[in-house]
Amino acid sequence: MTNEQVFNEPSQPLIFSMNNTYRAPGIVAPPENNAGRNGLLFSTTASASGTVALGLLTVNCSLRINNASANRTLFLSRLIVSIGGSSLLSNVSGSAVVTRGGTLTSPAAAVPVNSNFGSAQTSTMTVQTSTSAITGGTALISFQLAPGALELDYSGQIVVPPGQALCINAQASSSSIGLAILAALSASWWEA
């Protein structure tokens, strides 16, 4: 019996190999790569801390990103939420929530940073931080936190059109007297 090809016959190929050249690579990259190169990937951070004196202390850290643009849409890339204490043996617990809409009490303005250091492009989003919890809004995601950082990659799955806002809150609690506790947030997004 001759050596016949069962698969990949020249006239009817089943499986084929793609040419992957450096001029036209056959790879797929996340949209953040292109947004970063074009100066449209931004990030911002917020944090709050306190020292437990008597009883239970709760520290809130909130971030509100308002899309005040008339023609740009926000695509959430990544959230990093973390809580912690000043001791490795600390008893710290916490939670986080991401909401559609909502307001902050006594907000302070924050300036988004462009991830492309060579770009003069600025974000059209209005960013605020606060050490109070979010009031109002509709919860999209809510979860418990253990000490340490939690990174949530969205790659554009959460979309904030013009006139809408996204709020994120991290809360850390402890009753260990003398313990310093911290809640911190970092958000990155691109605009198109």
Side-chain angles (χ1 to χ4, degrees), residues 29-49 58-84 93-117 119-173 181-192:
E32 293 90 338
N33 290 10
N34 195 32
R37 262 188 252 108
N38 291 321
L40 294 170
L41 184 65
F42 302 94
S43 65
T44 193
T45 61
S47 65
S49 61
T58 299
V59 172
N60 275 294
C61 175
S62 297
L63 185 64
R64 184 174 194 268
I65 306 170
N66 181 37
N67 189 346
S69 170
N71 57 0
R72 278 199 186 166
T73 299
L74 178 148
F75 297 90
L76 188 63
S77 172
R78 178 174 293 116
L79 289 178
I80 300 173
V81 184
S82 65
I83 61 170
S93 61
S95 63
V97 65
V98 177
T99 65
R100 175 184 176 180
T103 58
L104 303 180
T105 304
S106 302
V111 178
V113 177
N114 193 322
S115 67
N116 182 338
F117 296 169
S119 174
Q121 184 83 265
T122 58
S123 175
T124 58
M125 305 300 139
T126 303
V127 180
Q128 298 173 317
T129 64
S130 177
T131 55
S132 65
I134 300 165
T135 54
T138 304
L140 295 174
I141 305 155
S142 180
F143 47 91
Q144 286 186 312
L145 294 171
L150 175 65
E151 183 176 335
L152 303 166
D153 288 318
Y154 289 104
S155 295
Q157 293 172 352
I158 295 180
V159 179
V160 183
Q164 299 287 321
L166 176 73
C167 289
I168 306 111
N169 173 265
Q171 189 178 75
S173 299
I181 59 175
L182 170 79
L185 296 168
S186 177
S188 62
W189 68 90
W190 75 88
E191 300 172 15

Find the distance between [atom1] ([X]) and [atom2] ([Y]) and round it off to the nearest 0.5 Å.
| X | Y | atom1 | atom2 | answer |
| --- | --- | --- | --- | --- |
| Thr73 | Met125 | OG1 | CE | 7.5 Å |
| Ser188 | Tyr154 | OG | OH | 11.5 Å |
| Arg37 | Ser119 | CZ | OG | 13.5 Å |

pair [X]-[Y]: side-chain heavy atoms closer than 4.5 Å:
| X | Y | answer |
| --- | --- | --- |
| Trp189 | Leu41 | no |
| Val81 | Leu145 | yes |
| Pro30 | Asn33 | yes |
| Ile83 | Ile181 | no |
| Leu185 | Ser47 | no |
| Leu79 | Val98 | yes |

Would Arg100 and Leu166 satisfy side chain to side chain contact (heavy atoms under 4.5 Å, CB included), going step by step from the backbone distance to the final call?
CA-CA 5 Å; Arg100 175 184 176 180; Leu166 176 73; over 6 Å; no
Shortest non-hydrogen separation from [X] to [Y] and the atoms involved:
| X | Y | answer |
| --- | --- | --- |
| Pro107 | Ser130 | CA-CB, 4.4 Å |
| Gln121 | Leu40 | NE2-CD2, 3.7 Å |
| Gly102 | Arg64 | O-NE, 2.7 Å |
| Ala170 | Ala184 | CB-O, 4.4 Å |
| Leu74 | Leu76 | CD2-N, 3.7 Å |
| Asn67 | Arg72 | ND2-O, 2.9 Å |

Checking Glu32 now: which residues fulfil salt bridge (Lys or Arg N to Asp or Glu O under 4.0 Å) with it, not counting sequence neighbours?
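Salt bridge (Lys or Arg N to Asp or Glu O under 4.0 Å) list for Glu32, sorted by chain: empty.
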For the residue pair [Y] / [X], report whether a side-chain donor-acceptor contact shorter than 3.5 Å exists.
| X | Y | value |
| --- | --- | --- |
| Thr58 | Ser173 | yes |
| Ser69 | Glu191 | no |
| Ser132 | Asn60 | no |
| Ser186 | Thr45 | no |

Do the side chain of Asn114 and the main chain of Gly39 share a donor and acceptor less than 3.5 angstrom apart?
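Judged by distance alone, yes, a pair lies under 3.5 Å.
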Criterion side chain to side chain contact (heavy atoms under 4.5 Å, CB included) against Ile141, the qualifying member of Val97, Ile158, Leu152
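Output: one option passes, namely Ile158.
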Scan residues 132-158 for pairs that pass salt bridge (Lys or Arg N to Asp or Glu O under 4.0 Å), counting only residues two or more places apart or in two chains.
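Counting only pairs at least two positions apart or across chains, the salt bridge (Lys or Arg N to Asp or Glu O under 4.0 Å) contacts touching residues 132-158 are Arg78-Glu151, Arg78-Asp153.
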Applying ring pair (Phe, Tyr, Trp, His ring centres under 6.0 Å), can you list everything that pairs with Phe75, at least two apart in sequence or on another chain?
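Only Trp190 meet the ring pair (Phe, Tyr, Trp, His ring centres under 6.0 Å) criterion with Phe75.
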Would you say that more than 12 heavy atoms from the other residues, nucleotides or ligands in this model lie under 6.0 Å from the CD of Gln144, or not?
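Count not over threshold, so no.
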Chi angles and distances behind the side chain to side chain contact (heavy atoms under 4.5 Å, CB included) call for Val113, Thr44
CA-CA 6 Å; Val113 177; Thr44 193; over 6 Å; no
Determine, stepwise, if the pair Thr138 / Thr99 fulfils side chain to side chain contact (heavy atoms under 4.5 Å, CB included).
CA-CA 5 Å; Thr138 304; Thr99 65; 6.0 Å; no
Mind running side chain to side chain contact (heavy atoms under 4.5 Å, CB included) on Ile134 and Thr103 for me, showing each step along the way?
CA-CA 6 Å; Ile134 300 165; Thr103 58; over 6 Å; no
